[in-house]
Amino acid sequence: MNSDRKCPLQISGLDKPVELWVHGDGDLHVSKAIADTGIWEAFETQLILERLNAGDCFIDVGANLGYYTVLAANKVGPQGYVGAFEPEPNNFRLLLKNISANGVDFVDAVNAGLADKHSAGQLFLNKTNFGDHQIYDAGEQRDCCDIQLLNGSDYLQGKAKTVDLLKIDTQGAESKVIAGLLPILSQSGQGLSIIIEFWPYGLRKSGSSAHRLLDMLMTLHLPIHIIDHIAHQLVPCTEQQLREWVDMVDAIPEDQGFMNILLGA
């Protein structure tokens with residue numbers, strides 16, 4: 001039985017009301033938070049809404065059920081471009097449902113993940129956190145499904161020349177995502193902002209590393225801030241400080257410490 005629920009969002013600063021369909025059963029994280037409170041990641045929500053204007057280009061990698069996708073579409077409008085990439089079929093079903101329910105059918109929703117090259121892949125599924133599906137097998141005996149992976153810059157040719165705001169939350173796949181997007185990001189200049197999960201453990205498990213991800217991000221010459229979602233503030237950070245933190249976390253193999261960072265203005 002389909003147990004999806006429709007929930008009104010409780011967010012200020014939107015031009016019109018937004019309602020989202022969420023998973024009624026199973027997902028104890030994103031869907032539960034939206035159903036209980038009408039919002040997900042309050043500070044990150046604020047950061048994204050503040051950085052988008054009509055006509056902008058927003059890329060949502062790991063779009064899940066479309067929370068940020070729908071908010072961004074309301075800000076940029078049909079004259080902008082919103083690309084939403086979600087490889088897991090059940091999440092993608094809700095993503096499409098939420099795009100339709102909120103009248104933002106101009107969104108380019110893609111049932112695929114982003115990577116450094118076009119390929120087939122597998123997604124290992126979390127039964128209670130539908131935002132924690134992973135492209136690697138962590139030995140937790142998770143069910144898995146076959147997915148498609150796309151090179152982001154190749155896919156975006158003819159759709160967008162530059163990116164204004166990029167959001168990536170892919171549970172350790174961020175290095176491959178950035179590698180594929182680097183050509184278009186490099187030509188986006190100082191108007192680019194990136195909100196990205198920075199999780200050394202997951203990056204190692206996916207065959208990369210936090211240092212390798214930083215190597216690519218630093219070529220963009222953007223300022224770095226740690227997103228303090230508890231104090232609701234941006235904390236300036238240097239490359240050296242981030243690398244020292246990575247070394248500290250990497251020294252303990254089971255340490256799953258992570259942070260979200262903002263690059264750009």
Side-chain angles (χ1 to χ4, degrees), residues 4-23 27 29-86 88 90-112 114 130-131 152 155-156 159-170 181 184 188 191-197 227 229 232 234 260 262-265:
D4 299 344
R5 290 184 288 169
K6 182 182 277 190
C7 304
L9 297 189
Q10 305 296 326
I11 301 173
S12 60
L14 296 178
D15 292 336
K16 60 181 180 179
V18 172
E19 292 185 317
L20 288 184
W21 288 96
V22 302
H23 298 287
D27 183 19
H29 291 265
V30 177
S31 290
K32 186 176 187 304
I34 293 172
D36 289 348
T37 67
I39 196 168
W40 170 249
E41 298 179 330
F43 187 46
E44 285 85 344
T45 296
Q46 174 189 333
L47 294 174
I48 284 178
L49 291 177
E50 288 175 347
R51 280 161 178 76
L52 287 174
N53 298 292
D56 279 352
C57 173
F58 174 72
I59 306 297
D60 192 359
V61 188
N64 201 304
L65 54 79
Y67 175 85
Y68 287 117
T69 295
V70 170
L71 294 183
N74 274 276
K75 291 288 287 188
V76 310
Q79 65 270 49
Y81 176 80
V82 177
F85 299 86
E86 173 53 49
E88 198 278 320
N90 201 25
N91 283 341
F92 186 73
R93 176 185 61 81
L94 275 190
L95 172 64
L96 293 179
K97 196 170 180 177
N98 284 321
I99 288 169
S100 178
N102 288 279
V104 290
D105 296 315
F106 56 88
V107 168
D108 184 15
V110 185
N111 189 197
L114 293 189
F130 296 175
Y155 178 83
L156 291 169
K159 298 176 181 289
K161 293 182 179 179
T162 59
V163 177
D164 295 290
L165 179 57
L166 167 66
K167 193 256 335 163
I168 308 176
D169 187 352
T170 54
L181 285 171
I184 191 171
S188 296
L192 169 67
S193 294
I194 301 173
I195 292 177
I196 184 170
E197 185 177 75
I227 299 174
H229 66 91
H232 283 205
L234 294 173
N260 289 338
L262 167 71
L263 294 99

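This chain uses plain numbering: 1 for the first residue, then up along the sequence. Fair warning: this is a prediction, and the values are worked out from it, not measured in the lab.
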Should [X] and [Y] count as side-chain neighbours, where that means a heavy-atom distance under 4.5 Å?
X: L9; Y: I34; result: yes
X: D56; Y: K75; result: no
X: F106; Y: I99; result: no
X: D164; Y: R51; result: no
X: T162; Y: L192; result: no
X: L262; Y: S193; result: yes
X: N260; Y: F43; result: no

The single option from I168, D169, V110 passing side chain to side chain contact (heavy atoms under 4.5 Å, CB included) against V61: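 Considering I168, D169, V110, a side chain to side chain contact (heavy atoms under 4.5 Å, CB included) with V61 is found only for I168.
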
L65: which of N90, L20, L95 passes side chain to side chain contact (heavy atoms under 4.5 Å, CB included):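 For L65, the side chain to side chain contact (heavy atoms under 4.5 Å, CB included) check succeeds only for L20.
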
How many angstroms lie between atom [atom1] of [X] and atom [atom2] of [Y], to the nearest 0.5 angstrom?
X: T45; Y: I11; atom1: OG1; atom2: CD1; answer: 5.0 Å
X: C7; Y: D36; atom1: SG; atom2: CG; answer: 8.5 Å
X: S188; Y: I194; atom1: OG; atom2: CD1; answer: 8.5 Å
X: N53; Y: F58; atom1: CG; atom2: CZ; answer: 13.5 Å
X: L47; Y: H229; atom1: CG; atom2: NE2; answer: 12.0 Å

D15, CG atom: more than 12 neighbouring heavy atoms under 6.0 Å: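 12 or below, so no.
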
Exceeds 12 heavy-atom contacts within 6.0 angstrom, atom NE2 of H232: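 Atom NE2 in H232 is packed in, count exceeds 12.
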
Determine yes or no for a side-chain-to-main-chain donor-acceptor pair under 3.5 angstrom, with [X] supplying the side chain and [Y] the backbone.
X: N111; Y: E86; result: yes
X: D27; Y: K32; result: no
X: N91; Y: F130; result: yes
X: K167; Y: A63; result: no

Contact summary for H23 and R5, nearest pair of heavy atoms: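 Nearest heavy atoms, H23 then R5: O-NH2, 4.4 Å.
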
L165 vs I48, side chain to side chain contact (heavy atoms under 4.5 Å, CB included): CA-CA, chis, key distance, verdict: CA-CA 8 Å; L165 179 57; I48 284 178; 3.9 Å; yes

Pair Y68-E41, side-chain donor/acceptor within less than 3.5 Å: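 Note: Y68 and E41 side chains meet the donor-acceptor criterion.
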
